[in-house]
There are 2 protein chains.
Amino acid sequence: MTSAALRKIERKPVEVQAIEALREAIVDGTIPAGERITEINLSSAMNLSRATLRSALHQLAQEGLVTLVPYTGWRVLKLGPQDVRELYTLRAALERLAAQLSAGRLDDAMRASLEAAMDALSEACAAGSADEIAEADFALHKAIVEAAGHGRLRSQYRLIEQQIRMYIRSSDALLAGGAEIRAQHVPIVEAILSGDPELAGRLSEEHNLSEGRKLSDHVAAAAG
Amino acid sequence: MTSAALRKIERKPVEVQAIEALREAIVDGTIPAGERITEINLSSAMNLSRATLRSALHQLAQEGLVTLVPYTGWRVLKLGPQDVRELYTLRAALERLAAQLSAGRLDDAMRASLEAAMDALSEACAAGSADEIAEADFALHKAIVEAAGHGRLRSQYRLIEQQIRMYIRSSDALLAGGAEIRAQHVPIVEAILSGDPELAGRLSEEHNLSEGRKLSDHVAAAAG
DNA sequence: CGATTGACAATTGTCGACAATACTGGGAGG
DNA sequence: CCTCCCAGTATTGTCGACAATTGTCAATCG
C-alpha cells in the first residue's frame, strides 16, 4: 500500500448512474417539471442504450418523479397543491415514527450524528445562505430517519425525499428566519436525546405539519 | 353497441403480468422464501424474454420482495424477527395517518365502502374460516387506506402490503378468535364514521401495534 | 363544409445476443 | 498436506434491432 489516500473510483453499474443523474436533473430543474421526455432522446443524449435508460426511468417512476403513458412517452412530475398536501402529511407520519424509534434506542454513534447535524443546522442558521439552511435542515431530518435503524422506513422516506426537495426548491424562499428555524428543531432533538419517544414523536409531527401547511398555503397563494 | 354485457379482455403489457404472477407466487409460497432464482430459468419457465423478466424483478426489488446480488443472482425475501418489527411499526404509522384522513373527509361513497368492509369482516368472524377472516381483516384495513384519498399513502402502503401478507401467512394460525377480532375493529370504524380524526388515528395505531407485537412474539417464539 | 377513413410517423414494448463480472474447482508449488 | 493461482462456468449487465401501439393529418365521401 504505497498511497494512503487514493481517490476511490466510481464503480457502479451504468443503470444506477443513470438513475442518479436523472433524479438530480429533475429535482434541480435541469429537466423542467411537466416536461415530456422520450426514451430515444434521453438515451442518445446520455450515451447509453434505450433498455438501460428505460429501466432507470421505471425506477424513477416508482419514486413518483416521472410517469409513463403507454406508447406515447414519459412525463416528469409537476407538483400541485394536492401533491404538496400529500407530501407533508406523509412526511409527518414517517418522521413521527422515526423520532419515536430514535428516542427509544439511543446509541453513542447516533447520538453523535444527531448532535453533529443539529450543530451544522445551528451554524447554517447563524451565518448561512438560504440554500445552505435548507440543506442543513433537510440533513437533520434525514439524520433522524437514519438513526431510527429501520430499513423499510428509510426506503419509504427516500421515496418521497426527492419530491420534498422539489417543492422546497419550487417555493424558493424560506418562510422563516434562521433563528426561528433553529428554535423549531432544538426541542425535537432534545426530546430524542433525552430518550422520550412520546414527546419526540409528537414534536416532530407537529413541526412537519405546521411547516408543511405554511408551505402549502404559500404554494397555493403563488399558484392561484 | 349491440351487446350490453361483453366480457372485457385483459390487455396488460406482458411485463405487468409477469410482475403480478411473480408477486403472487412469492407471497403464497409457490416460490419458497429465501430461494435463489436466476433470470434465465424464470424467463424460460414463464415464456418471456430475459429483459422483460428482469424489469419485472427490479420492480419487485423495490417492493422488497426480492433482492439482487450483482452478478450472482436474485434471492427472494426471507422474513426474520427484525423484518416483522419493521413491518408492523411502519404499518401502524401509515394506517394512523389513513384513519385520521378518512375521518376528516367523510363522503357517502367511502362511508358505504367502509361499512361494507366492516360488515364483511363481521360476517367472516361469525362463520368463516381462518383464511377468510384474515382476508376480510386485511380488506378492511385496505379500505381505510383507500378512503384516505391520498395517492402517495396508497402507494407506500402497497409497498409493504405484500410483505405483511407474507408474515400473516407464515404465522399460519390466527392469534385471536373471530369475536375478538371483530370487537377490535368496530371502534376504529366507528371513530372514522363519527368524524373524529384524533380518536380514529389513535385507535388504529394502537390496534396495529398491539397485534403486530403479538404476531412478532409468536414468530420469534416459533423460530427459536 | 363536416365527418370518416386510411396511411404515416413517433414512441413504447419485447426480444435475442454479446460483454463484464463473480463464484468454483483443479493443479502447481511450497 | 496445505496454499495460492488460474482457468472455466454460470450469471448478471448492456446493447441494438424488430414488433406493437398510439396519435395525427390529409384525402375522400356524404
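Here the structure is a predicted model, which is why all the values come from computation and not from measurement. Protein chains get the first letters and strands the later ones, always in sequence-line order, with residue 1 at the start of each.
Inspection of the A:D131 and A:S129 side chains reveals no N or O donor paired with an N or O acceptor under 3.5 Å. Counting only N and O atoms by type, the side chains of B:Q162 and B:R165 include no donor and acceptor under 3.5 Å apart. For the residue pair A:Q59/B:Q62, the side-chain donor-acceptor check at 3.5 Å is satisfied.
Of the charged side-chain nitrogens involved, at least one lies within less than 4.0 Å of a carboxylate oxygen, so that B:R96 and A:E205 count as a salt-bridged pair. Taking the charged nitrogens against the carboxylate oxygens, A:K214 and A:E211 do have a contact shorter than 4.0 Å, which makes a salt bridge. A salt bridge does not link A:D83 to A:K78: none of the charged side-chain nitrogens sits closer than 4.0 Å to a carboxylate oxygen. The existence of a salt bridge linking B:R23 and B:E63 is confirmed by a sub-4.0 Å separation between a basic side-chain nitrogen and an acidic carboxylate oxygen.
Remark: B:H150 engages no residue in a ring pair (Phe, Tyr, Trp, His ring centres under 6.0 Å) (not counting sequence neighbours).
Contact annotation for B:V14: backbone-only contact, meaning every heavy-atom pair under 4.0 Å involves sugar-phosphate atoms and none involves a base.
Nearest-nucleotide mapping onto DNA chain C: of A:A51 and A:T72, the residue sitting toward the 5' end is A:T72.
Atom-to-atom distance recorded for A:K142:NZ and A:Y157:OH is 8.5 Å, nearest 0.5 angstrom. Atom CD of A:Q156 sits about 9.5 Å away from atom CG of B:L153, to the nearest 0.5 Å.
Between the B:S155 side chain and the B:G151 main chain, a donor and an acceptor come within less than 3.5 Å of each other.
Within the 4.5 Å cutoff, the side chain of A:L22 has heavy atoms near those of the A:L53 side chain.
First and last contacts of DNA chain D with chain A, using any nucleotide atom under 4.0 Å from a protein heavy atom and ordered 5' to 3', fall at D:dT14 to D:dG23.
For the ring pair (Phe, Tyr, Trp, His ring centres under 6.0 Å) condition, the pairs that include at least one residue of residues 60-84 of chain B, sequence neighbours left out, are B:H58-B:W74.
Residues from residues 32-42 of chain B that place a heavy atom under 4.0 Å from any atom of DNA chain D, listed by number: B:R36, B:I37, B:T38, B:E39. Listed in residue order, the members of residues 52-63 of chain B having a heavy atom less than 4.0 Å from DNA chain C are B:T52.
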- Where each pair must be Watson-Crick or G-U wobble with both distances under 3.5 Å, what dot-bracket representation of DNA chain C is obtained, with crossing pairs in [ ] and other-strand partners as |? ||||||||||||||||||||||||||||||
